[in-house]
Protein chains: 2
Amino acid sequence: MFSIDLTSRVPIYEQIYSKITELAISGTLSENSQLPSVRSLAKDTRVNPNTVAKAYQELERRGIIYSVPGRGSFVAALDSGIFREAALSDFDAAAKTAKKRGVSADVLKQHVDGIFEKGEEI
Amino acid sequence: MFSIDLTSRVPIYEQIYSKITELAISGTLSENSQLPSVRSLAKDTRVNPNTVAKAYQELERRGIIYSVPGRGSFVAALDSGIFREAALSDFDAAAKTAKKRGVSADVLKQHVDGIFEKGEEI
DNA sequence: TAACTGTATTACACACCATAGTACGCATTG
DNA sequence: CAATGCGTACTATGGTGTGTAATACAGTTA
């Protein structure tokens, strides 16, 4: 379920955070579905339980999941609009930078088409 | 000439690196023009000279500037194509994320148009 | 010569990341 | 009730990256 890159500069807890966020937003993990326990995920990924706990706590702090001591952790009810807005904000920033670098609007639109022509490449 | 955010998570040397890169690419700092010395920039920004030196060494390593012991550091002859490619790569990544979040190709193209309609807003 | 330049070195402090081990309270299951 | 699994909390340790501090050296320039 999770692949961790130990050589990456990105902290492990952040990799876990991103993975679960992606799965939750995309709907792969449906609302209120239970996540693997801190200990089981730690065992599977061969990572320290503290590291997984840190990821879960960060996910809860940002409202992606909710945790119940004694029961487990579950996917929260997500407002996908917020994540869409954030993605669009990043997109705008990238487009502005490309513009500064001398890339034309047409080229950027072609890139958009190129990305959307491809299938579900995740 | 440089403003440093000491509270930022981005390392100081990386902030200096980014600033100078931006100035060099935009042409604000023309080719072969001399940069402030390590010590003077360190004094102006109230940063340790070693930190500035680290930024300059990274800039030289990536071909943005060249340094001559005893003389100073200067803006290199830049191949703008490299930076255009990098900007496009970032743009693609942002577009893919937006796609994952459920944003349509048309909306993204509208955003591109919106950015290019505006004047030189830097 | 004097004052500048980039560069190199050593040392220290601090924060972040990750691991290890232990412990507590709560919920579920047998 | 007892056992197990759950999230959570805590201390301790080590590694790495960042930033500062203080020198020192060789090359360039006025």
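Model, not experiment: these values are computed from the prediction. Every heavy atom of this structure was used, including side-chain atoms; hydrogens, water molecules and symmetry mates were not. Sequence lines set the chain letters: A, B, ... in the order given, protein chains first and strands last, and positions in each chain run from 1.
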Exercise. Does a side-chain N-to-carboxylate-O contact under 4.0 Å join Glu14(A) and Arg9(A)?
Worked result: no
For this session: Please check the phosphate of dC6(D) (OP1 and OP2 only) for any side-chain N or O of Ser37(A) closer than 4.0 Å.
Result: yes
For this session: Using the six-membered ring wherever Trp is involved, compare the ring planes of Phe91(A) and Phe91(B) and label them parallel, tilted or perpendicular (cut-offs 30° and 60°).
Result: tilted
For this session: Measure the spacing between OG1 of Thr97(A) and CZ of Arg84(B) and express it to the nearest 0.5 Å.
Result: 14.5 Å
Exercise. What string of B, S and - do you get for nucleotides 14-23 of chain D, 5' to 3', when a contact is any protein heavy atom under 4.0 Å?
Worked result: ----SSBBB-
Seminar exercise, completed: For Lys109(B), the salt bridge (charged side-chain N to carboxylate O under 4.0 Å, His left out) test, sequence neighbours excluded, returns Asp113(A)
Problem set entry | Main-chain N/O of Val47(B) paired to Thr51(B) side chain as donor or acceptor, under 3.5 Å | no
Exercise. What parts of residues 58-77 of chain A reach DNA chain C, counting only heavy atoms under 4.0 Å away?
Worked result: Pro69(A), Gly70(A), Arg71(A)
For this session: With pairs defined as Watson-Crick or G-U wobble and both distances under 3.5 angstrom, please note down DNA chain C as a dot-bracket string, | for pairing with another strand.
Result: ||||||||||||||||||||||||||||||
For this session: Supply the atom-to-atom distance Leu6(A) CG to Thr45(A) OG1, rounded to the nearest 0.5 angstrom.
Result: 9.0 Å
Problem set entry | Any residue meeting ring pair (Phe, Tyr, Trp, His ring centres under 6.0 Å) with Tyr56(B), in chain and number order, not counting sequence neighbours | none
Problem set entry | Arg62(B) with Glu58(B): basic N within carboxylate O range, under 4.0 Å | yes
Problem set entry | NZ/NE/NH1/NH2 to OD/OE distance under 4.0 Å, Glu22(B) and Lys19(B) | no
For this session: Please determine, by modelled atom types, if Thr21(B) and Ser18(B) share a side-chain donor-acceptor pair under 3.5 angstrom.
Result: no
Problem set entry | Spacing of Tyr56(A) atom OH relative to dC6(D) atom C1', expressed in whole Å | 12 Å
For this session: Walking along DNA chain C from 5' to 3', note the first and the last nucleotide with an atom under 4.0 Å from a heavy atom of chain A, and give both.
Result: dC17(C) to dT28(C)
Problem set entry | CG-CD1 distance between Leu35(A) and Ile64(A), expressed to the nearest 0.5 angstrom | 11.0 Å
Seminar exercise, completed: One should read off an interatomic distance between Arg101(B) CZ and Ser80(A) OG, to the nearest 0.5 angstrom, of 10.0 Å
For this session: Without swapping roles, check the side chain of Gln34(A) against the backbone of Ser73(A) for a donor-acceptor pair under 3.5 Å.
Result: no
